Amino acid sequence: MNFKLEAVDNHSNARAGVITTDHGEIATPVFMPVGTAGSVKAVHIKDVKVDINARIILGNTYHLYLRPGTDVLKAAGGLHKFNGWDRPILTDSGGYQVYSLTDRRKMHEQGVTFQSHIDGSRHLFSPEGVMDIQRLIGADIIMAFDECTPYPCEYEYASKSMEMTHRWLDRCVARFNETEGYYGYSQSLFPIVQGSVYRDLRIKSAEKIASVGAEGNAIGGLSVGEPVEMMYEFTELVCNILPKDKPRYLMGVGTPVNILEGISQGIDMFDCVMPTRNGRNGMIFTSQGIINLKNEKWKYDFSPLDPDGKSFVDSQYTRAYLRHLFIAGEMLGPMIASQHNLAFYLWLVDSAREKIIDGTFAEWKKTMVEKLSRRI
RNA sequence: GGGGAGAUUCCAGAGCGGUUAAAUGGGGCAGACUGUAAAUCUGUUGGCGCAGCCUUCGGAGGUUCGAAUCCUCCUCUCCCCA
């Protein structure tokens, strides 16, 4: 994997670059649609690729390990072959499930024992095991096994957790280095900064992560319920420590506004379930603001979903029609909304990239933030 | 023509003298959702000058301190038998 910086904004830390992987190039800043179980929920691969034009999508180690299982993925020739996505894939390590499935797991130095949410069976996820699983899944970018700490989080706990995430990182790196991919292309390991909302911990963690010399670095443990100002504060703090010549990935973020803020702080990669999940639940993000399609006010609105939208669904369908689909419980509704939202997110980061390159990012961002946070 | 059952807040449907502005479900309306246990979850759903008051349970009367709940008549539905 290779990262080349192409432009840096004069008024912020925003930058534009290109990540090159064996599955193709990723222009940054980039938004990566989440495909936890090997599918971007409710959207065809063809639409993810052609209409939305996503450059890279996510998969999830915990979920793919439980279903379909590594034996199936290996037999298929890896996740790319299995789901038909031939561009880059990034897999999360299961570190987020340590947070989201907190009452179904036990954590110890060795790793985390999850009790499957599907059948209750117990499975140990160790740093070594998680590397092995991600080798078998075959993602281009794989993540170190960490604990995503909750918010709020006591200092003592955050500190101990961070130290363990660091020890786990060393084990991940060791295992990663002594193994290789199964499918003939290379994989890169990204470590993850933790430290909750404590400046000294975040600094310490960022320095540790930077010292690893990985091909890219991630910031985790944010957007877990803390005030957005905190998220911005710690993103900035950590970005200033992480190496400039490697991509920076802010995990799990976020709203369109969050993403623009992140970009201006020097983040290159984002992922979030929001465009798909909120889309399935009737919310769409548009260039004019946020729309809750289930609201009565769209009942007779026969205007296009998003007059400036780039996806075919934006001009094909009206707000009134999409509202009808949601009210009637038609599955096409969530499909259209997911597709629109992802196309919008990709348009947003692509536009940011253009503006960074032509030097107009700052003023563009200002007007966009105003528009995007509006609820219409 | 004979016999029986029933009319409840948007709908279905509980309630069978006070704790009932009325269970529950549906529908409606609104909110939440940030490395996905989510096509999920939550709130609300008579009115008002809203820690209180007013009007509601087919209609009209009556019994009672007190009725959606008991009695009388009326109106209308549905079922069975001829």
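Just so we're clear, the structure is a prediction, and the values are computed from it rather than from any experiment. By convention in this document, chain letters (A, B, ...) are assigned in the order of the sequence lines, proteins followed by strands, and residues within each chain are numbered from 1. As a basis for the values below, the full set of heavy atoms in this structure was taken, side chains included, without hydrogen atoms, waters or symmetry mates.
- Counting any heavy atom pair closer than 4.0 Å across all strands shown, A:Ile327 reaches sugar-phosphate atoms only and no base atom.
- The phosphate of B:A30 (OP1 or OP2) has no side-chain N or O of A:Asn292 nearer than 4.0 angstrom.
- Within the structure, a side-chain polar atom (N or O) of A:Arg375 is placed less than 4.0 Å from OP1 or OP2 of B:A32.
- A:Gly225 comes within contact range of no nucleotide atom at all, as no heavy-atom separation falls under 4.0 Å.
- Under 4.0 angstrom from either OP1 or OP2 of B:C29 there lies at least one side-chain N or O belonging to A:Arg323.
- For the OP1/OP2 pair of B:U36 and a distance below 4.0 Å, the side-chain nitrogens and oxygens of A:Asn278 include no atom meeting the criterion.
- Among the heavy atoms of the strands lying under 4.0 Å from A:Gln194 is at least one base atom, whether or not backbone atoms are also near.
- Remark: B:A5 base-pairs with B:U77; criterion is Watson-Crick or G-U wobble with both hydrogen-bond distances under 3.5 Å.
- Heavy atoms of A:Met283 sit under 4.0 angstrom from at least one base atom.
- Nucleotide B:G35 holds its P atom 13 Å from the CG atom of A:Leu101, rounded to whole Å.
- Taking the side chain as every heavy atom from C-beta outward, A:Thr235 and A:Cys239 approach each other to under 4.5 Å.
- For B:U20, there is no paired nucleotide, since no Watson-Crick or G-U wobble pair has both relevant distances below 3.5 Å.
- Phosphate proximity of B:G35 to A:Ser93: absent, as no side-chain N or O sits under 4.0 Å from OP1 or OP2.
- A:Tyr65 and A:Tyr62 have their aromatic ring centers separated by at least 6.0 angstrom.
- For A:Arg277, a side-chain nitrogen or oxygen approaches OP1 or OP2 of B:U34 to under 4.0 Å.
- For the OP1/OP2 pair of B:A37 and a distance below 4.0 Å, the side-chain nitrogens and oxygens of A:Gln97 include at least one atom meeting the criterion.
- Of the residues in residues 43-69 of chain A, those with a non-hydrogen atom less than 4.0 angstrom from any atom of RNA chain B are A:Leu58, A:Asn60, A:His63.
- Side-chain polar atoms of A:Asp301 and A:Tyr321 form no donor-acceptor pair below 3.5 angstrom.
- Distance CZ (A:Phe326) to C1' (B:C33): 13 Å, rounded to an integer number of Å.
- Between A:Tyr185 and A:His80, the ring centre distance stays below 6.0 Å.
- For B:G35, the base has a donor-acceptor partner in the side chain of A:Asp146 [N/O atoms by modelled type, under 3.5 angstrom].
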